[in-house]
K.L.:
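Have a look at this one before I ask anything.
No experiment lies behind these values; they were computed from the predicted model shown. Excluded from the calculations below are hydrogen atoms, water molecules and symmetry mates; all remaining heavy atoms, backbone and side chain alike, are included.
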Amino acid sequence: MPAPVHVRELTLADLDAAWELGRFAFGSTAERPASTSVAVPGMTRYGAFDDAGRLVGKAVDLHHDQWWSGRAVPAADVGGVAVAPEARGRGVARALLTALLRGARERGAAVSALYPTVAAPYRSCGWETAGVLRTVDLATAALPRHRPSAHLTVRAGTPADLPAVTALYERVARHRNGMLTRRGELFDHFAADGGLPGDGLTVVEADGDLVGYATWQRGRGYGADSVLTVDEALAVTAEAARELVGVLASWASVAPTLRLCPLDGDAVSTVLPLESARDHERDLWMHRPVDVARAVEARGWPAHTRGVVDFALTDALAEWNTGTWRLTVADGAAELTRIDAAADLRLDVRGFALLYAGAAYARSVAQAGLLHHSAGVDPAALDLLGAGGPAQLLNYF
């Protein structure tokens, strides 16, 4: 029988051991970032210790907020999960994630996302695949050229433009589902130096107002293997998107490849020749409720969506979610209340995650064995839980 582990929040005295554990797990360089040796606001670090007091596992709760249809939902996004090789397969990660979920709920979190190196351990703890963050390569010469507009100003950005950049990102992100708000102590901490992200910032303005931007890294060289990496390119008008893409196209002679993460349905993505894109990297991400009642009540819902459905939920790690619930959606808001009755629909927490994130329809969740229903009952009634469209992420953590 595996020896028990003891999970607690890490102290500053534990951070050296935590860094070494992560360095071996993820193959990091020996150069240690300053943030790994000091207290960082907006995150909670957890460690699992054996009976001898040795650190054998770690995980970090990132205190993010996520946009869900116009409302900021408190999240416990998970990063840095690592287990010592000698302790793997012995329930260490499960103990860490159980403690993390409990602590996250106590501080008010409602939902959680993570990027797994392997999905199976997280599935066993209630997370389920909800989407993919794609990084693609495009031939820079294939980007559409655009005659500069007389109505727009294109210039190099400065640190003084960063508040407007943040505001434009929010205009794009806030009515989607799942995207980070980029607010709060954690983001404030890492933005405190006030410098530009990457090597450059290109901004597009209309009458002095920011309507598009791209942040980018030049990379090295100017030969056939040179790559211009666009960290982010967003716009709120079609004309601004065309202007941005035209600027990126101008790099073709010295950076034959453009690398970026397209955001589905964004104005910039509608201009890019994505039919010729090649995947450079695909980062699977997973979703989970921390507190189902809070997750339902905190988010926005489509104003035209109305309905009521009862279901039973099973959550092995977060027992506060287990029970029979009534979901009521109306007028852009929803409520999840406990009821004392049997339910014809019985949902696993992974099925809840799929539906809430808009990653699957209820009939598909039933076919996956994550939703069970009585004979003659249509599981599609639980599609109500997924109203609002699929969730997306644009940040890697």
K.L.:
Is the distance from the ring center of Trp285 to that of Tyr122 below 6.0 Å?
P.N.:
no
K.L.:
Take a 6.0 Å sphere around CZ of Arg147 and say whether it holds more than 12 heavy atoms from other residues, nucleotides or ligands.
P.N.:
no
K.L.:
Determine yes or no for a side-chain-to-main-chain donor-acceptor pair under 3.5 angstrom, with Thr322 supplying the side chain and Asp315 the backbone.
P.N.:
yes
K.L.:
Using only atom types and a distance under 3.5 Å, with no angle test, would you say the side chain of Asp50 pairs donor to acceptor with the backbone of Arg54?
P.N.:
yes
K.L.:
Please tabulate, for the side chains in residues 373-382, all donor-acceptor contacts under 3.5 angstrom to protein atoms that are two or more places apart in sequence or on a different chain.
P.N.:
from, atom 1, to, atom 2, distance (Å)
His373, ND1, Val377, O, 3.0
Ser374, OG, Asp344, OD1, 3.2
Asp378, OD1, Arg363, NH2, 3.1
Asp378, OD1, Ala380, N, 2.9
Asp378, OD2, Arg363, NH2, 2.8

K.L.:
Among Asp264, Asp279, Asp283, which residue meets the salt bridge (charged side-chain N to carboxylate O under 4.0 Å, His left out) test with Arg134?
P.N.:
Asp279
K.L.:
Using a strict threshold of under 4.0 Å (side-chain N to carboxylate O), is an ion pair present between Glu232 and Arg182?
P.N.:
yes
K.L.:
What do the steps show when you test Asp16 against Ser37 for side-chain hydrogen bond (donor to acceptor under 3.5 Å, both in side chains), and what is the final call?
P.N.:
CA-CA 7 Å; Asp16 285 343; Ser37 58; over 6 Å; no
K.L.:
Decide, yes or no, whether a salt bridge links Arg155 with Asp161 under the criterion of side-chain N to carboxylate O below 4.0 Å.
P.N.:
yes
K.L.:
Give every donor-acceptor pair under 3.5 Å between a side-chain atom in residues 240-248 and any protein atom, sequence neighbours left out.
P.N.:
from, atom 1, to, atom 2, distance (Å)
Glu243, OE1, His146, NE2, 3.3
Glu243, OE1, Ser149, N, 3.2

K.L.:
May I ask you to decide whether Glu20 forms a salt bridge with Lys58, counting only side-chain N to carboxylate O separations under 4.0 Å?
P.N.:
no
K.L.:
Under the 3.5 angstrom rule, does the side chain of Arg90 hit a backbone N or O of Ala93 as a donor-acceptor pair?
P.N.:
no
K.L.:
If the threshold is 4.0 Å, N to carboxylate O, is there a salt bridge linking Glu128 and Arg123?
P.N.:
yes
K.L.:
Hey, can you tell me if His287 and Trp68 have their rings parallel, tilted or perpendicular (30° and 60° cut-offs)?
P.N.:
tilted
K.L.:
Could you tell me whether the side chain of Arg288 and the main chain of Cys125 form a donor-acceptor pair under 3.5 Å?
P.N.:
yes
